[in-house]
2 protein chains.
Amino acid sequence: MNSDTRTRILMTAMELFWEKGFGSTSIADILSRSQVHSGSLYHFFPGKQDVLVGVLELYRDGIEEWLLKPNWDGVDDPIERIFALLNGYRIQLITTDCTYGCPIGNIALEIHEPDPQVRELLAANFTNWSRAVERCLDAAEDRLPRDTDRAALAEYILTVMEGAVMQARTYRELGYFDRNIAMLREHLGLLESKARAEPVAAV
Amino acid sequence: MNSDTRTRILMTAMELFWEKGFGSTSIADILSRSQVHSGSLYHFFPGKQDVLVGVLELYRDGIEEWLLKPNWDGVDDPIERIFALLNGYRIQLITTDCTYGCPIGNIALEIHEPDPQVRELLAANFTNWSRAVERCLDAAEDRLPRDTDRAALAEYILTVMEGAVMQARTYRELGYFDRNIAMLREHLGLLESKARAEPVAAV
DNA sequence: GTCTTGATTGAATGATCAATCAAGTCATAT
DNA sequence: ATATGACTTGATTGATCATTCAATCAAGAC
């Protein structure tokens with residue numbers, strides 16, 4: 001089985017969906033950039049929607065290797081890992097003049113009536129992302145107030161990332177991203193000092 | 001001049017762009033729902049893009065009357081006004097089974113290469129929104145730490161709203177919105193208690 | 001009364017779209 | 001050798017898209 005073609009289609013579609021969105025990317029766009037003919041594409045994928053499914057599965061399965069590992073290399077402090085992850089998005093914004101955002105967030109807002117498979121894959125991508133952040137918060141458990149809902153805080157950090165990228169992209173100004181992340185950092189700082197003020201737990 | 005038709009086109013387009021997005025709304029969609037014929041639409045608007053411009057101008061000019069006034073009626077406390085505004089989005093989510101989000105955020109992420117006029121109108125909508133929040137923060141100045149960057153905090157509140165709506169829509173679960181807003185409320189609470197702990201300013 | 005201007009009608013155009021399919025290639029199994 | 005089945009080719013289809021335009025209408029100005 002030749003899955004080179006399938007992979008080339010998915011990688012190309014991934015690029016294009018990120019650049020132009022799902023709706024604005026035509027099958028013809030994918031074919032010409034990937035140097036694949038329409039029959040081959042439809043041999044591997046029943047339709048355009050299934051290409052999107054394949055791309056979302058790639059993202060879902062690649063988060064560890066392609067997102068976390070590069071950004072966390074050399075960063076040990078769990079809280080700093082969170083900001084290292086956010087810094088990855090900052091670098092994307094810089095290298096694209098604030099035009100590219102989060103590929104998942106883009107698609108999530110673009111597709112208004114997703115079929116269940118697509119919706120679940122978008123949700124799975126969000127869940128994997130915030131679970132990774134949650135693990136960082138768990139590792140920093142003793143620096144946070146005892147009643148901290150770490151899962152909710154991780155979702156919130158995803159929220160801030162998505163909103164910050166949205167604004168930086170809309171204004172075409174990195175400052176909007178930076179100020180938002182600074183606010184988040186201040187929030188986490190307040191939580192840490194609140195934790196320090198708590199009486200030590202009984203052993 | 002008969003601008004009834006123009007208005008009907010814009011109101012219909014506003015609805016449709018919100019329901020299905022800009023790209024997925026065809027001119028034919030607008031024509032059939034608004035009971036207008038193509039020639040009339042093109043009499044008032046050079047093209048589809050200009051309909052979008054008209055819609056974004058309506059949003060920009062209507063924020064006071066259609067967004068702030070309804071949500072702030074009977075709410076005097078400036079901080080509570082912020083959460084009353086956010087509650088407006090919560091109600092939209094409830095009444096649409098978590099399918100509709102922020103119309104501006106949707107378009108901002110959908111349009112990848114906006115022409116300058118569209119990009120500036122999106123930015124203007126964001127700016128008007130966060131300025132309204134900033135005015136609330138200004139009114140609550142004495143309850144916040146003295147070094148608070150209220151403009152940045154207002155941008156951050158917009159960020160949290162957009163991210164929270166995105167997640168609730170993606171998961172089709174209101175809880176994601178609620179937990180995010182609860183986190184924001186906790187953050188503002190921490191700021192208020194930090195302000196209370198500050199020494200009184202010299203007069 | 002006729003001229004002018006703004007507004008409306010709706011069929012037509014050409015581009016682009018996702019998807020199809022019959023004919024072909026090629027490696028491997030028998 | 002030949003048969004099989006995975007894969008490729010690329011022209012083609014029919015739907016849908018934004019847009020155009022000549023014709024028509026309504027109503028105030030001269």
Side-chain angles (χ1 to χ4, degrees), chain A residues 1-57 106-107 110-119 121, chain B residues 1-58 106-107 110-118 121:
Chain A
M1 178 182 61
N2 179 2
S3 69
D4 279 2
T5 303
R6 199 188 116 96
T7 302
R8 191 155 72 258
I9 291 167
L10 285 179
M11 299 300 255
T12 308
M14 188 184 271
E15 279 176 22
L16 284 164
F17 292 165
W18 197 20
E19 288 175 22
K20 332 191 347 170
F22 174 69
S24 303
T25 298
S26 69
I27 296 284
D29 288 335
I30 301 174
L31 298 178
S32 70
R33 187 180 290 189
S34 63
Q35 301 280 36
V36 163
H37 298 269
S38 65
S40 295
L41 187 147
Y42 284 97
H43 174 74
F44 290 105
F45 303 96
K48 192 187 178 191
Q49 187 106 236
D50 304 275
V51 178
L52 175 60
V53 167
V55 166
L56 291 174
E57 285 171 344
N106 288 351
I107 295 167
E110 181 186 347
I111 311 282
H112 284 249
E113 283 165 0
D115 69 27
Q117 199 183 6
V118 168
R119 220 220 73 246
L121 278 166
Chain B
M1 178 182 64
N2 180 0
S3 68
D4 279 2
T5 303
R6 201 188 115 95
T7 302
R8 189 155 73 257
I9 291 167
L10 286 179
M11 299 300 257
T12 308
M14 189 183 272
E15 279 176 22
L16 284 164
F17 292 166
W18 196 20
E19 287 174 24
K20 333 190 345 170
F22 174 69
S24 302
T25 298
S26 68
I27 295 284
D29 289 335
I30 301 174
L31 298 178
S32 71
R33 186 180 290 191
S34 64
Q35 303 278 38
V36 163
H37 298 269
S38 66
S40 294
L41 188 146
Y42 282 96
H43 174 73
F44 290 104
F45 303 96
K48 192 187 178 190
Q49 187 105 238
D50 303 274
V51 178
L52 175 60
V53 167
V55 166
L56 291 174
E57 285 171 344
L58 275 191
N106 288 351
I107 294 167
E110 181 186 347
I111 311 282
H112 283 248
E113 282 166 0
D115 69 25
Q117 198 183 5
V118 169
L121 277 167

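Quick note on labels: first sequence line is chain A, next is B, and so on, each numbered from 1. The figures that follow rest on heavy atoms only: side chains count, while hydrogens, waters and symmetry mates do not. Not measured: the values here are computed from a predicted model.
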### Qualifying residue for side-chain contact (heavy atoms from CB on, under 4.5 Å) with F17(B), from T12(B), N106(B), L52(B), L56(B)
L52(B)
### Pairs where residues 13-32 of chain A contributes a residue and the test side chain to side chain donor-acceptor pair (under 3.5 Å) is met, not counting sequence neighbours
E15(A)-R33(A), E19(A)-R33(A), K20(A)-D29(A), S26(A)-D29(A)
### Task
Please say which of R6(B), M14(B), R8(B) ends up in a side-chain contact (heavy atoms from CB on, under 4.5 Å) with L10(B).
R6(B)
### Task
Take the protein atom CG of L16(A) and the nucleotide atom P of dA18(C), then report the distance between them rounded to whole Å.
12 Å
### Query
Under a 4.0 Å heavy-atom cut-off, which of residues 17-43 of chain A touch DNA chain D?
H37(A), S38(A), G39(A), S40(A), H43(A)
### Query
Do you know the tightest heavy-atom contact between P114(A) and R119(A)?
CG-CG, 3.5 Å
### Message
Show every salt bridge (Lys or Arg N to Asp or Glu O under 4.0 Å) that has at least one partner inside residues 34-58 of chain B, sequence neighbours left out.
### Response
none
### Query
In the 5'-to-3' direction, what one-character label does each nucleotide of nucleotides 24-29 of chain C receive under the scheme B = base within less than 4.0 Å of a protein heavy atom, S = sugar-phosphate only, - = no such atom?
------
### Task
Measure from CZ on R8(A) to P on dC7(D) and round the result to the nearest Å.
14 Å
### Message
If I take atom CG from residue L58(B) and atom OG1 from residue T7(B), how far apart are they, to the nearest 0.5 angstrom?
### Response
7.5 Å
#### Entry: Within residues 46-54 of chain A, residues whose heavy atoms come under 4.0 Å of DNA chain C
G47(A), K48(A)
All N/O donor-acceptor pairs, side-chain side in residues 35-45 of chain A, below 3.5 Å, sequence neighbours left out:
none

#### Entry: Whether E110(A) side chain and F22(A) backbone form a donor-acceptor pair below 3.5 Å
yes
